[in-house]
Amino acid sequence: GAVVSQHPSWVICKSGTSVKIECRSLDFQATTMFWYRQFPKQSLMLMATSNEGSKATYEQGVEKDKFLINHASLTLSTLTVTSAHPEDSSFYICSAREGTGGRYEPQHFGDGTRLSIL
Amino acid sequence: LAKTTQPISMDSYEGQEVNITCSHNNIATNDYITWYQQFPSQGPRFIIQGYKTKVTNEVASLFIPADRKSSTLSLPRVSLSDTAVYYCLVGEGTDKLIFGTGTRLQVFP
């Protein structure tokens, strides 16, 4: 089945540091990937849609200069949290959908990245 | 995007059948219904997907009435390891997915 891999699985860093999270589709190509954030005991909140070869589409209220998204290939999207602060501490999850338009395929999710900013 | 409504939580005992119903009154003609399971500190895992009537796989069944305004996820003979949050989502093709609150299922021994 389709596998989505995230790296790192957890990261702890000092306030002011920039952190990069990678999302890879291991056995399929994904023109579109999605980034979510989840706080404890809450649901997933969509942050942005990552499009291969073009700019990401951010949800309302998500700072695009704070959360930089790059989707340089059909199997890799990266999320960079710039100048991270304690309030950015959260669980970040990516997803990707196999296939192209016209054929509905479910999204497959990575196992998430736990980000802790000290 | 159609909004979904699910019970916030449910309790069950091992060996029982659990049915979680999701309401999606504004589902569009091209929307599919997809259910995911999420354990703590993990990403959601795909369970089952359907468009109408009944779909069954090795872990669950999905019942969708003719009007498609609701759907029911059925988990046969749950075990402790089925304790998780279950999300119902509707969408089409390359649509982004908007997660609702989900249903927190607690299975007791």
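Numbered from 1 within each chain, the chains take letters A, B, ... in sequence-line order.
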task = Using non-hydrogen atoms and a 4.5 Å limit, figure out which bit of A:Gln42 sits close to chain B: side chain, backbone, both or neither.
result =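 Interface part for A:Gln42: backbone (N, CA, C, O).
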Under 4.5 Å to a heavy atom of chain B? For A:Leu44 that would be both
Whether over 12 other heavy atoms sit under 6.0 Å from [X] [atom1]:
X	atom1	value
B:Tyr13	OH	no
A:His85	NE2	yes
A:Lys64	NZ	no

Q: Would you mind reporting whether A:Leu46 and B:Leu97 have side-chain heavy atoms less than 4.5 Å apart?
A: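 No, side chains not in contact.
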**Prompt:** Heavy-atom distance under 4.5 Å to chain A: side chain of B:Arg104, backbone, both or neither?
**Reply:**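 Just the side chain, heavy atoms under 4.5 Å.
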So, the part of B:Tyr87 with a heavy atom under 4.5 Å from chain A: the answer is side chain
Are [X] and [Y] linked, directly or through other ILVMFWY residues, by side chains that come within less than 4.5 angstrom of each other?
X	Y	result
B:Leu75	B:Ile64	yes
A:Tyr92	A:Val62	yes
A:Val81	A:Ile69	yes
B:Phe63	B:Ile48	no
B:Val18	B:Val59	yes

Inset, instruction - Would you confirm whether the ring centroid of B:Tyr36 sits within less than 6.0 angstrom of the ring centroid of A:Phe109? - result: yes
Heavy atoms of A:Phe91 and B:Gln38 approach each other most closely as CE2-NE2, 4.5 Å
| request: Specify the closest pair of heavy atoms between A:Ser43 and B:Gly100, including all atoms of both residues, with the distance to one decimal. | output: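 Reported closest heavy-atom pair: OG-O, 2.5 Å.
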Report task. Give the member of B:Pro40, B:Pro44, B:Gly43 that has the highest number of heavy-atom pairs under 4.5 Å with chain A. Result ->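 Highest number of heavy-atom pairs under 4.5 Å: B:Pro44.
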query = Any donor and acceptor pair, going by atom type alone, linking the side chain of B:Tyr32 with main-chain N or O of A:Pro106 inside 3.5 Å?
reply = no
When rounded to the nearest 0.5 Å, the distance separating CE of A:Met45 from CZ of B:Phe99 is 13.0 Å
